[in-house]
Amino acid sequence: MKKALLISAGILFWLIVWQVAALAIDSSILLVSPLDVIKRLGELIITADFWQSILFSSCRIMLGFFIGLVTGTVLAVFMGKFRVIRIIFSPLISVMKSIPVASFTILALFWIRSENLSVLVTFLICTPIVCSNMQAGIDSLDPKLKEMAKVFKIPALRRFSGVYLSQLMPYFRSASALAIGLSWKSGAAAEVIGIPDGSIGEKLFMSKIYLETADLFAWTAAVILLSLLCEKLFLLVVGILQKKIERM
Amino acid sequence: MPRAENICKSFSDKIVLNNFTHDFKEGKITALVGQSGCGKTTLLSVLMGLIPADSGTLIGFDKPISAVFQEDRLCENLTVSANIRLVTGKRFTKSEIEKELCAVGLKDCPEKPVRELSGGMKRRAAIVRALLAESEILFLDEPFKGLDADTKETVLEYVRTKVKGKTVIFVTHDMEECDTFADETVALTQLS
């Protein structure tokens with residue numbers, strides 16, 4: 001409760017700073033006030049077009065995230081188990097981590113249609129993040145717990161959930177949280193470059209073209225809220241699944 | 001009767017065990033004593049099958065075993081109950097596990113993650129886990145290490161009642177523990 005209050009106080013502080021800055025600048029093109037953004041978001045929320053764009057982008061961005069999550073995790077497991085795979089894939093993962101989203105996106109436009117761009121870009125952004133985090137988790141697995149499991153002859157499934165999963169979950173959770181945030185960032189950026197019809201990226205691009213700063217902020221706020229919602233929901237589901245597996 | 005015959009083990013040039021032979025009395029408590037570095041833990045690891053001996057034979061150690069390791073070896077992110085259920089499966093109910101933990105002074109701990117426990121509490125959780133696991137041979141590597149005098153007394157009594165009928169091999173530095181807890185004592189000497 002106290003933590004929630006402190007977080008709310010922090011958010012309120014920055015909203016006040018923003019409001020004061022908007023009043024001082026006094027130009028709705030350069031900086032709109034938070035109240036104007038909330039008002040505009042309220043207007044957008046009641047339109048079907050808003051929800052269609054949300055659905056369009058969410059499906060693609062989250063699909064890219066899930067493919068990246070699975071690929072990154074599987075790759076990390078194989079890289080942890082087989083030295084040769086680690087040698088082969090380590091440079092690729094390092095390169096993938098450093099390539100700018102814009103480069104990925106422009107290159108990907110040659111290969112695929114713009115509406116699927118965010119899936120590919122999100123996948124390419126998520127995979128190395130998840131892989132690196134999970135690899136760190138696998139590297140830190142305690143070999144003494146493996147011996148403990150051997151002495152107590154813990155059955156395979158219980159051993160997996162209790163010994164390995166319990167050690168890897170903190171890494172998986174932080175990798176997922178980080179990857180979801182970056183998925184929305186990179187997915188929206190890719191859509192702004194590719195401008196697929198009916199996407200959030202298209203709306204952001206149009207608001208820039210027509211100097212609709214309130215729209216730009218409203219869509220940005222929507223992306224932030226969606227990102228937070230996806231993160232919280234995903235971690236909640238992961239937590240429930242983890243408890244179920246641990247009870248097996 | 002579990003028997004270790006001519007067990008030899010060395011690491012690089014250092015000989016740790018040289019023709020160790022002993023018949024461990026079934027259903028009795030055998031204490032392994034000796035100076036630090038004389039090979040007590042190495043011997044325990046060989047007997048548990050965690051490291052292979054260079055030579056020698058183990059007879060009668062192929063039964064279900066259980067252990068309190070030198071380190072607690074608990075899963076830090078799991079609760080105390082989950083750590084116990086990890087080795088016992090569903091053989092014990094929640095209240096039965098709580099009762100066992102209560103007996104060693106861990107009344108409020110069953111649902112606490114292990115990472116939130118103190119060193120002494122972790123030790124007691126590791127002891128309860130080992131005693132609830134299905135086993136015929138129990139290995140205890142300095143099980144009472146890090147426990148204060150009063151707690152040690154309680155835990156020692158708890159262990160004594162729980163190990164009845166089991167073959168127990170335990171490592172200690174404390175001669176008083178040997179006198180009060182063990183049925184026989186085997187002294188290991190430092191080899192060059």
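None of the values given here were measured: they were computed from a predicted structure. Residue numbering restarts at 1 for every chain, and letters A, B, ... go by the order of the sequence lines.
Annotation: residues 116-153 of chain A contacts chain B through A/K144, A/L145, A/E147, A/M148, A/K150, A/V151, A/F152 [non-hydrogen atoms, separation under 4.5 Å].
Distance OG/A/S161 to CG/B/L78: 8.0 Å, rounded to 0.5 Å. In this structure, the separation between CD on A/Q167 and CG on B/N77 is 7.5 Å, given to the nearest 0.5 Å.
Around the NZ atom of B/K25, the shell of radius 6.0 Å holds no more than 12 heavy atoms that belong to other residues, nucleotides or ligands. In this structure, B/E184 places its CD atom where more than 12 heavy-atom neighbours from other residues, nucleotides or ligands lie under 6.0 Å away. Atom CZ of A/F160 has 12 or fewer heavy atoms from other residues, nucleotides or ligands within 6.0 Å. Atom CD of B/E116 is surrounded by more than 12 heavy atoms from other residues, nucleotides or ligands within 6.0 Å. For NZ of B/K28, the number of neighbouring non-hydrogen atoms (other residues, nucleotides, ligands) closer than 6.0 Å is 12 at most. Within a 6.0 Å sphere centred on CD of B/E134, other residues, nucleotides and ligands contribute 12 heavy atoms or fewer. With a 6.0 Å radius and a threshold of 12 heavy atoms from other residues, nucleotides or ligands, A/K185 has its NZ atom at or below the threshold. For B/F11, the CZ atom counts as densely surrounded, since its 6.0 Å shell holds more than 12 non-hydrogen atoms of other residues, nucleotides or ligands.
Using a 4.5 Å cut-off between heavy atoms, B/E71 contacts chain A through its side chain alone, with no backbone atom that close. If you measure heavy-atom distances from B/A133 to chain A, the contacts under 4.5 Å come from the side chain alone. Within the 4.5 angstrom heavy-atom criterion, no atom of B/S135 approaches chain A.
Interface check for chain A: of the options B/A130, B/G49, B/A67, B/A82, the most heavy-atom pairs under 4.5 Å are formed by B/A67.
Looking at every heavy atom in both residues, A/G162 comes nearest to B/C75 through O-SG, 3.6 Å.
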